[in-house]
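Okay, so here's the structure we're looking at.
This is a predicted model, so every value here is computed, not measured.
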Amino acid sequence: MNVIAKSTTVSPFLRATATVVSNGGVPVAATGKIQKPKVTVPPTVKRTLGQSLYQDLLTGPTCISSGITTSTQIHQRRLAHTDIQWPDFTDYRKEEVKDPSSKSRDTAPSRKSISYVIAAGKYIRRASVVGVYGAKVIVHDLVGILSASADVLALSKIEVKLDSIPEGKSAVFKWRGKPLFVRHRSDSEIANEAKVDFASLRDPEEDSARVKDSKWLVVIGVCTHLGCVPIANAGDFGGYYCPCHGSHYDASGRIRKGPAPLNLEVPPYEFAEDNMLIVG
């Protein structure tokens, strides 16, 4: 019993001795508690994440700090320049969307109207360009169709030998599909036509203004009433007479009686050498 009692008193010293030996000879506190060994904490590891140059300028490079005793944290190193001015688009915004309490879907139709107008204007402009181009093509084709053909252009000018027309007579030629009257007037006809008071005529015109040479009268033989062909050297005035509706012309081709409103047309002509007349 004494041995057991003594052993109970020695047991705390034995435990302390065992702790000292396992700790490499480090003494144990008298309180009887076991001292825990110190743990070396590795330094914090920082790793910089790759990011764009634009992000570095705004926020600085992003770093991750990690360690055993600390949780992983992401730090943003901002630049020292904190006075960056952000653009203000208030002047460009519409009044309907400046109020934060208003709903955008309520004002959407009114805000989209300008977009619809601009889009419609673009389509109208394109349609107008296409219409103008189409009209130009149509006009060009019509002008090509209505223009004179090669055979008509070949007959645009004719030459008349004046020696073949005796004095006091009228010859008929074909020019551009129309009858052409060439009259060799006598001296009496020239004198009678010069005495006429042209101011009293229906279509006032002097005889000298209708001829380049007083001996020769050149007119188109188409009545100005309904396009009939008058008869030369006939009528009440000795010039031309249209039997269809009774129009009388004098020896200068001027209307003197009947329904015709105008004088006979004088075409462009000129006199060439060797007593030749060129019409056209």
Side-chain angles (χ1 to χ4, degrees), residues 44-67 70-158 174-178 203 220 222-228 259-269 279-280:
T44 302
V45 178
K46 294 184 179 180
R47 184 178 60 184
T48 303
L49 296 179
Q51 58 184 2
S52 65
L53 179 60
Y54 177 73
Q55 295 174 345
D56 288 341
L57 291 175
L58 294 179
T59 61
T62 303
C63 300
I64 296 178
S65 301
S66 61
T70 60
S71 60
T72 303
Q73 297 179 356
I74 300 178
H75 303 280
Q76 297 260 341
R77 293 206 307 261
R78 296 186 178 274
L79 298 176
H81 305 284
T82 58
D83 56 346
I84 299 176
Q85 299 294 329
W86 297 94
D88 186 9
F89 298 99
T90 305
D91 296 336
Y92 300 96
R93 298 176 62 189
K94 296 185 177 181
E95 296 296 334
E96 295 85 351
V97 296
K98 289 183 179 180
D99 187 5
S101 62
S102 63
K103 296 181 180 180
S104 60
R105 64 172 176 268
D106 298 335
T107 60
S110 62
R111 289 186 288 107
K112 292 180 180 179
S113 60
I114 185 63
S115 301
Y116 295 152
V117 171
I118 293 174
K122 290 181 179 179
Y123 285 115
I124 292 173
R125 182 175 59 185
R126 293 176 183 176
S128 62
V129 171
V130 173
V132 170
Y133 182 76
K136 177 224 176 195
V137 172
I138 293 174
V139 171
H140 186 272
D141 293 342
L142 288 177
V143 170
I145 292 173
L146 298 176
S147 60
S149 57
D151 55 345
V152 175
L153 293 176
L155 298 176
S156 60
K157 290 186 177 183
I158 62 170
K174 185 178 181 181
W175 177 70
R176 295 183 180 179
K178 300 177 182 179
D203 186 11
I220 296 176
V222 177
C223 180
T224 58
H225 179 219
L226 291 176
C228 304
L262 301 174
N263 302 331
L264 293 179
E265 181 183 356
V266 178
Y269 66 92
V279 181

* Mind listing the closest non-hydrogen atom pair of I220 and W175 along with its distance? => CD1-CZ3, 4.0 Å
* In Å and rounded to the nearest 0.5 Å, what is the CZ to CD1 distance from R176 to I158? -> 10.0 Å
* Using the test side chain to side chain contact (heavy atoms under 4.5 Å, CB included), find all partners of I124 that sit at least two apart in sequence or belong to another chain. => none
* Apply side-chain hydrogen bond (donor to acceptor under 3.5 Å, both in side chains) to D141 and list each qualifying residue two or more places apart in sequence or on a separate chain. => none
* To do: Taking all non-hydrogen atoms of both residues into account, name the closest pair between G227 and V222 and its distance.
  => CA-CG1, 3.6 Å
* Structure fact -> K136 meets the side chain to side chain contact (heavy atoms under 4.5 Å, CB included) criterion, sequence neighbours left out, with none
* So, for D203 and P261, which heavy atoms are closest and what is the spacing to 0.1 Å? -> CB-O, 4.1 Å
